[in-house]
Amino acid sequence: MEPQATNPSGAVPMQPSSRPTFLMCPPRHYEVNYVINPWMAGNVHRSSRQQATQQWEELRKALGEYAQVELVEPQPGSPDMVFTANAGLVRNGIVALASFQHKERQGEEPHFRRWFSESGFAVRDIPRVTPFEGEGDALFEADGSRLWAGYGLRTREASHKQLTELWGVEVVSLRLVDPRFYHLDTCFCPLSNGDVMYFPGAFDDGSLRKIEERYCRAKRICVSEEDALLFACNAVNVGRTILLNEISQELCVRLESRGFQIIQVELTEFLKAGGAAKCLVLRLDN
Ligand code: ARG
């Protein structure tokens, strides 16, 4: 048998899996009890933990058909920890750990740090002065060739430089201008076939130009404001499968006509905190 590699902390790296791997966090302590984005306003203490648990379980089960799912233990006092996409950004066994802008979420950082180091990842810190909210604001092109990174509402643009240095990958910075779409993964989704699904209204003109320069017209799937507000762009894409909240029939047909299989999971309880399918998972094997 091959000896197992260990990192300096003695942790055993996760076994490479032929299936994509994602991190999720059970909603045992999930609730809306502060307001750090427009979705949460009016929803404080208005979510049902029981319904949230059912919806989360359904997403986990659906995703489990296509991917391996790892779990991190939820922590009291960190209700948004379910949104693991914000824990950090992973590539080649290295995680750039999130440095949250709001103190309400900074308490999640040590828990995610512990999970990553115990799971064998090399942890890199992003300084507090340049907030970085993980994969919520940084999405790799499906072929890994570049990193699309959001800034302006949560993540600070200066943190992008550190991502470039960390992985030596081209980083394309996109400025977010609509507070309802405060993380890049709420309005932008690179897909496995080289298409991109996005809501143009969430970006400034310069950023739209960057998107249009890198994706020809035929590769761009523009989403209506109505679908964007249903978190259509907050989609988890595994191969030809796309998992997302319930969206319009029109968009569903459009995506199917491009060869995708669409799996809709009702995630209304998480919309109350400003998140849906993609926010609830973090890719671990980029
Ligand atoms: N309430 C959370 C926040 O405002 C929701 C995070 C959603 N996550 C995401 N990747 N878009 O930070």
Side-chain angles (χ1 to χ4, degrees), residues 22-25 27 29-47 49 52 55-56 59 63 72 74-75 77-90 95-109 111-112 126 131-140 147-156 159 174 176 178-190 197-199 202-203 223 228-237 243-245 265 267-284 286:
F22 292 90
L23 179 66
M24 293 183 74
C25 177
H29 300 290
Y30 171 69
E31 65 170 320
V32 182
N33 62 5
Y34 48 74
V35 177
I36 56 171
N37 69 54
W39 297 86
M40 301 175 100
N43 278 320
V44 171
H45 304 311
R46 289 253 170 91
S47 60
R49 178 130 351 120
Q55 295 179 349
W56 184 91
L59 178 66
L63 183 59
V72 56
Q75 301 292 330
S78 290
D80 273 339
M81 212 176 149
V82 284
F83 300 114
T84 52
N86 297 120
L89 178 70
V90 179
V95 59
L97 201 70
S99 182
F100 285 97
Q101 179 191 116
H102 293 103
K103 64 172 179 344
E104 286 86 343
R105 295 200 66 182
Q106 289 171 2
E108 298 173 32
E109 293 165 10
H111 304 299
F112 284 127
I126 305 291
F132 168 64
E133 300 208 349
E135 201 182 62
D137 261 330
L139 298 162
F140 285 105
L147 180 65
W148 295 93
Y151 72 96
L153 294 169
R154 291 291 183 87
T155 292
R156 194 74 73 81
S159 68
L174 301 175
L176 301 173
D178 183 333
R180 298 171 301 172
F181 304 102
Y182 56 94
H183 280 142
L184 185 64
D185 70 357
T186 64
C187 51
F188 188 86
C189 181
M197 170 162 65
Y198 71 114
F199 173 56
F203 301 92
V223 161
L229 291 170
L230 293 171
F231 277 74
C233 301
N234 200 242
V236 185
N237 177 209
L243 298 102
L244 37 52
N245 184 44
V265 179
L267 293 167
T268 46
E269 289 313 304
F270 298 101
L271 258 59
K272 294 174 182 173
K278 168 68 192 61
C279 303
L280 292 166
V281 312
L282 172 69
R283 186 80 189 247
L284 293 173
N286 280 310

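For ligands, and for the atoms within them, numbers begin at 1 and follow the listed sequence. We count residues from 1, following the sequence as given.
Close approach of ligand 1 to Gly274 (heavy-atom distance below 4.0 Å) involves ligand atoms 7 (C). Ligand 1 places these atoms under 4.0 Å from at least one heavy atom of Thr186: 11 (N). The distance from ligand 1 to the heavy atoms of Gly136 drops below 4.0 Å at these ligand atoms: 10 (N). Taking a cut-off of under 4.0 Å to the non-hydrogen atoms of Ala85, the atoms of ligand 1 that pass are 10 (N). Each of the following atoms of ligand 1 lies closer than 4.0 Å to a heavy atom of Ile36: 3 (C), 4 (O), 12 (O).
Contact between Trp39 and ligand 1 is absent, with no heavy atom of the residue lying under 4.0 Å from the ligand. For Arg154, the heavy-atom gap to ligand 1 drops under 4.0 angstrom.
Residues forming a side-chain contact (heavy atoms from CB on, under 4.5 Å) with Ala202 (at least two apart in sequence, or on another chain): Phe181, Cys187, Phe199. Taking the side-chain contact (heavy atoms from CB on, under 4.5 Å) definition, one finds that Leu230 meets it with Asp227, Asn245, sequence neighbours left out.
Residue contacts with ligand 1, taken as heavy atom pairs separated by less than 4.0 Å, involve Met40 solely via side-chain atoms from C-beta onward. Looking at Arg105 against ligand 1, only its side chain comes within 4.0 Å, counting heavy atoms.
In this structure, Gln55 contributes its side chain and Glu269 its backbone to a donor-acceptor pair below 3.5 Å. Listed for the Arg154 side chain is no donor-acceptor partner under 3.5 Å among the backbone atoms of Phe100. Between the side chain of Arg46 and the main chain of Lys272, no donor-acceptor pair closer than 3.5 Å is present. Listed for the Asn86 side chain is no donor-acceptor partner under 3.5 Å among the backbone atoms of Ala98.
With Leu284 as reference, Val90 is the one residue of Val95, Thr84, Val90 to meet the side chain to side chain contact (heavy atoms under 4.5 Å, CB included) rule.
The shortest contact between atom 9 (C) of ligand 1 and any protein heavy atom is with Cys279 SG, 2.8 Å. What sits closest to atom 2 (C) of ligand 1 on the protein, heavy atoms only, is Asp80 OD2, 3.3 Å. In terms of protein heavy atoms, atom 8 (N) of ligand 1 is closest to Asn86 OD1, 2.9 Å. Atom 5 (C) of ligand 1 has as its closest protein heavy atom Tyr182 OH, 3.3 Å. Of the protein's heavy atoms, Asp185 OD2, 2.8 Å lies nearest to atom 10 (N) of ligand 1.
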Trace of the side-chain contact (heavy atoms from CB on, under 4.5 Å) decision for Val32 with Trp39: CA-CA 10 Å; Val32 182; Trp39 297 86; over 6 Å; no
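Using cut-offs of 30° and 60° on the angle between ring planes, the pair Phe188 and Phe203 is perpendicular.
In this structure, the ring of Tyr198 has its center no less than 6.0 angstrom from the ring center of Trp148.
Between Ala273 and ligand 1, at least one pair of N/O atoms sits closer than 3.5 Å.
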